[in-house]
Protein chains: 2
Amino acid sequence: MSSQKDIDILVSEVGPRDGLQSIKQTMPTDMKKMWISALSEAGVREIEVGSFVPPKLLPQMADCADLVQHALTLENVFVTALVPNLRGAESAFKSGVQKITIPVSVSEPHSLSNVRKTHEQMYSEVASIIALRNEQYPNVLVEAGLSTVFGCTIQGVVTEQESLFMANKMAALGVDEVGLADTVGYATPLQVKSLFKQLKIELGNIAGSAHFHNTRGQGLANVLAAYEVGVTTFDASQGGIGGCPYAPGASGNIVTEDLVFLLESMGLRTGIDIEKLVAAREWLKKALPNEPLYGFIPDAGVGKAFKYAKDM
Amino acid sequence: MSSQKDIDILVSEVGPRDGLQSIKQTMPTDMKKMWISALSEAGVREIEVGSFVPPKLLPQMADCADLVQHALTLENVFVTALVPNLRGAESAFKSGVQKITIPVSVSEPHSLSNVRKTHEQMYSEVASIIALRNEQYPNVLVEAGLSTVFGCTIQGVVTEQESLFMANKMAALGVDEVGLADTVGYATPLQVKSLFKQLKIELGNIAGSAHFHNTRGQGLANVLAAYEVGVTTFDASQGGIGGCPYAPGASGNIVTEDLVFLLESMGLRTGIDIEKLVAAREWLKKALPNEPLYGFIPDAGVGKAFKYAKDM
């Protein structure tokens, strides 16, 4: 949700949240700050710096408010955080964050196992968050990130109808954006095209970002499919960190480095310098030396024929 | 080049050639046969079993004629091999192979460094091979596999004009198919769409397969792009074996397992059973225990929402 007009696609870095919350080890706050600064220096325009959840549940995310403060000092970075409930939203709003994302499972069994809430309970949570935002923090954006829209490890198939029902429900409750997340890496290009196309038809400008995992290696093919039906914001995680509990050895989020190469090579300006982005990985390597990092561009380089979109 | 009508996309397994020729260790012939049989049992319809080159140059490929003989005994497998020159073609034709692929570099510096031939020398080599085929082996198909069409590590940018000139030249010399190969992993979806679209316009039914490497992680996105402009034959390598000399740690060919998942999930019948395909990896693990195998599907599985195209 960057306001800059000098980019075609917004790459939203979710590594500090989706990546680090899946890793047992806690990255020291100072290291996180250096990493976030390095991402910003590489030209990343939106960073999800953490998650406002009880430190008892996710100690890796305990410094979220501190990171929001830090990120707000950086130029050209839109600062976002994840919040699962009203209590998290209160802390997030107080921290000065510019946008919050509320994860909402379309699969009810997944919702129950993930946040212990039925759909009805989730609707009332979102309504309370929106009410608080409208009353006291009118400038903060609220996104609903619909999870399991392409399938669920518990429910199995999730229908397009179910996802669109939830998307419309969220729009009716007053969220500013509805993004779609392939939580467990089930998405395929045909599904992606069909669902994002329909989302745009039903929600118009409220239709939001794509959040893909690379669990089955289909991540960038799904990005291409989503781009072809008009999606312009993509979540990604540097080094693909975070893994996936359902697929040992398989990477989690799509890799920011490879995503930026794809987009720039297609003539789409991201504002990101790939060399500097690859350099930012060093902070991850320093802080989490045992954590595998994914991605091809950091090893292969951009190659002799590569040109940035702005130079085409 | 399978004649079966029960598949929508032909997946051509090139691991026994492109994969194994890049690995220093030689896979024992018996193991290769077991692997090729397992691939066939999984439903793979075309296998490039090796390369007809001097054993001194590539001892890993010395058993190519033997492998052709073996593969010809398998049901539903179209048996192909790579040949760099007339001498290789003679051996290939004698072996009983059903199709040969001649690699032809569009980048002349690459051609000189790879096969020590100028373009003119290559034209005359192809002409001699076609003449021999026409005279003595009229049933064997000849494909020109144009390499470096999406860029070259020596020349840098390779223009569409250069590639199409070479494609037309090969068609004029009488080859049956012209495939396009992203030898060094430079291809991007826009390039892929543009070049394959143009190839089809200029060559019609002689326009052939796509051979992508995953050096920069863009392999499946390129497959999707090529499919969208009508390409129906894709090369791939089980486990992505072969690596890439230009990118340590980066995989070589696109991974057959992940490719088949992509295609089947899009409703495209490949004839391949993914479980059996993954099982075929065991022969590679046994024969080459130190060689890294790539791909996500073998770790992640197909997931609870997956359906084969034929069951959709």
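Computed from a prediction, not measured in an experiment: that's the story for all the values here. Here is the naming used below: chain letters follow the sequence lines, and residue numbers restart at 1 for every chain.
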Among A:Gly156, A:Gly303, A:Gly151, A:Pro298, residue most engaged with chain B (heavy-atom pairs, under 4.5 Å):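 Ranked by contacts with chain B, first place is A:Gly303.
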Greatest number of heavy atom pairs closer than 4.5 Å to chain B - which of A:Glu228, A:Lys307, A:Glu257, A:Gln191: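 If we count pairs closer than 4.5 Å to chain B, A:Glu228 comes out on top.
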Interface moiety of A:Val302 toward chain B, non-hydrogen atoms closer than 4.5 Å: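 Just its backbone gets close to chain B.
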Verify whether one side chain among [X] and [Y] offers a donor that lies under 3.5 Å from an acceptor in the other.
X        : Y        : answer
A:Ser12  : A:Glu48  : no
A:Glu282 : A:Trp35  : no
B:Gln155 : B:Thr148 : no

For A:Ile241, the option from A:Asp18, A:Leu20, A:Val14 that meets side-chain contact (heavy atoms from CB on, under 4.5 Å):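 In the set A:Asp18, A:Leu20, A:Val14, the residue that makes a side-chain contact (heavy atoms from CB on, under 4.5 Å) with A:Ile241 is A:Leu20.
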Which of B:Val223, B:Thr188, B:Val158, B:Asn222 touches chain A most, by non-hydrogen pairs under 4.5 Å: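 Between B:Val223, B:Thr188, B:Val158, B:Asn222, the count favours B:Thr188.
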